[in-house]
Amino acid sequence: MSGPTEVLVIIAVVVLVVVRQFRTERLSMDRKWWLLPAVLGFVGLRQGGLTDPHHATGSVVLLVVELLVSIGIGIGWAQTTRLWSDDAGDVWTKGTVATVGTWAGGIAARAGLAGVGLAMGIHLGTSALMLGFAVSLLVRSGMLMWRAGALDPSYAGGVRQPAWEDRG
């Protein structure tokens with residue numbers, strides 16, 4: 001994938017995720033919540049160019065910081081998402097105003113890291129951004145599944161367990 005194509009893919013995924021984040025949505029256990037982050041991570045790793053070959057140590061340090069920031073963004077994103085259970089026991093999610101702040105802070109942090117890298121003469125490609133976004137999505141989704149399990153014990157382990165009446 002070329003650079004402009006990667007940027008378009010990242011923008012399309014971000015728009016999809018943002019739109020879904022701010023809609024009221026049932027947390028579905030039958031979907032593979034890890035699939036989109038896994039695909040993004042695979043594409044980011046497959047493209048290569050995660051580090052700048054001319055500044056190996058500095059680019060690895062920046063990449064590690066990017067991934068740590070991505071973990072923090074995923075945690076903040078999950079913690080600011082409202083979760084509730086309805087009378088039927090379904091768990092629902094919706095982003096809040098604080099989620100907007102998390103998105104803004106994440107964008108600012110990533111822009112700041114890119115700026116630090118450029119000031120040091122280090123160029124991390126879009127693969128690093130894609131991998132970071134995949135990590136944020138994975139952490140957010142995993143934490144939402146974990147929070148849903150705390151809200152409704154029948155969501156144990158990310159798989160909805162059959163109700164007492166359903167067990168044969």
Side-chain angles (χ1 to χ4, degrees), residues 1-25 27-28 31-83 93-150 157-158:
M1 220 183 301
S2 67
T5 305
E6 285 181 19
V7 171
L8 287 175
V9 167
I10 292 170
I11 290 171
V13 170
V14 167
V15 167
L16 172 73
V17 169
V18 168
V19 166
R20 289 184 62 205
Q21 173 68 35
F22 294 102
R23 274 193 326 214
T24 300
E25 198 169 61
L27 192 62
S28 177
R31 282 192 281 179
K32 305 270 189 272
W33 57 268
W34 50 267
L35 189 59
L36 179 60
V39 168
L40 285 175
F42 175 77
V43 170
L45 290 171
R46 185 176 160 270
Q47 292 301 314
L50 286 174
T51 59
D52 184 343
H54 303 293
H55 303 91
T57 304
S59 62
V60 168
V61 168
L62 272 179
L63 181 61
V64 167
V65 171
E66 163 74 25
L67 295 177
L68 291 172
V69 166
S70 296
I71 290 169
I73 292 168
I75 291 170
W77 191 8
Q79 289 299 103
T80 59
T81 299
R82 183 171 173 250
L83 241 66
T93 67
K94 184 173 183 174
T96 64
V97 173
T99 307
V100 174
T102 301
W103 269 96
I107 291 168
R110 286 192 169 117
L113 279 173
V116 167
L118 290 174
M120 295 170 46
I122 299 171
H123 175 70
L124 293 181
T126 55
S127 295
L129 180 62
M130 194 175 295
L131 185 61
F133 189 61
V135 167
S136 292
L137 277 174
L138 186 65
V139 169
R140 176 207 176 251
S141 298
M143 283 195 64
L144 286 179
M145 295 300 156
W146 177 71
R147 287 181 59 205

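These values consider heavy atoms only, across backbone and side chains, with no hydrogens, waters or symmetry-generated copies.
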Any donor-acceptor N or O pair under 3.5 Å, side chains Arg110, Ser70: yes
Residues that Ala128 engages under side chain to side chain contact (heavy atoms under 4.5 Å, CB included), provided they are two or more places apart: Leu50, Leu63, Leu124
Give a yes-or-no answer on whether the side chains of Thr99 and Thr102 include a donor-acceptor pair shorter than 3.5 Å. no
How far does CE of Met120 sit from OG of Ser59, to the nearest 0.5 angstrom? 9.0 Å
To the nearest 0.5 Å, tell me how far Leu144 CG sits from Trp77 CH2. 9.0 Å
Could you tell me the separation between the CD1 atom of Ile75 and the OG1 atom of Thr80, rounded to the nearest 0.5 Å? 12.0 Å
Just how far is it from atom CD of Gln79 to atom CE of Met143, taken to the nearest 0.5 Å? 4.0 Å
Within a strict 4.5 Å, meaning less than it, do heavy atoms of the Gln21 and Thr93 side chains meet? no
Reported CE-to-CH2 distance for the pair Met145 and Trp34, which is rounded to 0.5 angstrom: 12.5 Å
If I compare all heavy atoms of Gly106 with all of Ile73, which pair ends up nearest, and what's the gap? CA-CD1, 3.3 Å
Angle class for the Phe133/Trp103 ring planes (parallel below 30°, perpendicular above 60°, tilted otherwise)? tilted
All heavy atoms of Leu137 vs all of Pro37, minimum pair found to be CB-CG, 3.7 Å
Heavy atoms of Val69 and Ala109 approach each other most closely as CG1-CB, 3.8 Å
Donor-acceptor under 3.5 Å (Thr51 side chain, Pro53 main chain): no
Do the side chain of Ser141 and the main chain of Leu138 share a donor and acceptor less than 3.5 angstrom apart? no
Supply the atom-to-atom distance Leu62 CG to Asp52 CG, rounded to the nearest 0.5 angstrom. 9.5 Å
Look at atom NE2 of His123 and say whether more than 12 heavy atoms of other residues, nucleotides or ligands are closer to it than 6.0 Å. no
For the residue pair Glu25 and Arg20, establish whether any side-chain heavy-atom pair is separated by less than 4.5 Å. yes
Closest approach of Ser127 to Gly44 (non-hydrogen atoms, all atoms of both residues): CB-O, 3.3 Å
Answer yes or no: is there a donor N or O on one side and an acceptor on the other, between the side chain of Arg147 and the main chain of Thr81, under 3.5 Å? yes
